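Structure first, then comments.
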Amino acid sequence: MNPATDIDVRAAEERRKYAAKFLRPGIVRSNTKVYIYPEVHAVLSRMADRFRDTGASIGSYVSEILLDHFANNREVMEGLYDENSQPLF
């Protein structure tokens, strides 16, 4: 296999893994609003529309991205939260 073909194969596999991880159906049970930049919404909308036949929606896509972010940044997030918490009373 030549190097260019090998790179193409790896890139295709990365795209497949990304779609399987983030662009899958999900049940979003909340109607809570989150305000995001219009350009972010446009990208999310285009990606979700492209994978609509898999059951992906903007809500399920964003949820999967955030769950991945939480999993990969949990310790840092907890540390920041703890360090910036004020006593309630």
Side-chain angles (χ1 to χ4, degrees):
M1 186 178 286
N2 75 39
T5 304
D6 189 40
I7 290 170
D8 291 341
V9 169
R10 284 190 303 220
E13 178 62 15
E14 288 299 313
R15 290 191 300 270
R16 187 199 62 74
K17 285 180 183 178
Y18 183 91
K21 183 174 188 174
F22 295 112
L23 291 161
R24 58 187 181 167
I27 299 170
V28 180
R29 290 191 168 99
S30 174
N31 193 21
T32 304
K33 291 181 182 181
V34 175
Y35 296 96
I36 58 174
Y37 300 127
E39 56 273 17
V40 171
H41 184 272
V43 171
L44 295 170
S45 181
R46 286 195 304 270
M47 285 295 287
D49 285 347
R50 181 63 55 118
F51 289 86
R52 182 94 36 220
D53 61 328
T54 68
S57 66
I58 292 175
S60 65
Y61 184 34
V62 169
S63 293
E64 292 300 327
I65 291 170
L66 289 173
L67 288 171
D68 183 68
H69 176 81
F70 296 159
N72 290 316
N73 297 284
R74 182 183 182 114
E75 287 182 25
V76 172
M77 292 172 71
E78 287 175 339
L80 283 170
Y81 182 83
D82 292 343
E83 149 186 317
N84 290 294
S85 292
Q86 299 294 320
L88 185 56
F89 297 100

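Both backbone and side-chain heavy atoms feed into the values below; hydrogens, waters and symmetry mates do not. Sequential numbering from 1 along the given sequence is applied to the chain's residues. Computed from a prediction, not measured in an experiment: that's the story for all the values here.
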For [X], check salt bridge (Lys or Arg N to Asp or Glu O under 4.0 Å) against everything at least two apart and list the hits.
X	answer
Glu13	Arg16
Arg10	Asp6
Asp8	none

**Request:** Quick one: closest heavy-atom pair of Tyr61 and Phe22, and the distance?
**Result:** CD1-O, 3.5 Å
**Request:** Using the rule that two of Ile, Leu, Val, Met, Phe, Trp, Tyr join whenever any of their side-chain heavy atoms come within less than 4.5 Å, decide whether Tyr18 and Ile7 are in one cluster.
**Result:** no
**Asked** Do Tyr81 and Leu67 share a hydrophobic cluster (ILVMFWY, side-chain heavy atoms under 4.5 Å, transitive)?
**Response** no
**Prompt:** Members other than Leu80 in its cluster, when Ile, Leu, Val, Met, Phe, Trp, Tyr link by side-chain heavy atoms under 4.5 Å?
**Reply:** Val76
**Message:** Would you compute the distance between atom CG of Leu23 and atom CG of Asp53 and round it to the nearest 0.5 angstrom?
**Reply:** 10.5 Å
**Request:** For Glu83, enumerate each residue passing the side chain to side chain donor-acceptor pair (under 3.5 Å) test, keeping only those at least two apart in sequence or located in another chain.
**Result:** none
**Asked** Among all residues two or more places apart in sequence or in another chain, which pass the side chain to side chain donor-acceptor pair (under 3.5 Å) test with Glu78?
**Response** Arg74
**Pairwise salt bridge (charged side-chain N to carboxylate O under 4.0 Å, His left out) hits with a residue in residues 61-70, at least two apart** = Lys21-Asp68, Arg24-Glu64
**Request:** For Tyr37, enumerate each residue passing the side-chain contact (heavy atoms from CB on, under 4.5 Å) test, keeping only those at least two apart in sequence or located in another chain.
**Result:** Glu39, Val40
Acceptor/donor pairs from residues 41-52 side chains to any protein atom, 3.5 angstrom cut, sequence neighbours excluded:
{"residue": "Asp49", "atom": "OD1", "partner": "Arg52", "partner atom": "NH2", "Å": "2.4"}
{"residue": "Arg52", "atom": "NH1", "partner": "Ala56", "partner atom": "O", "Å": "3.4"}

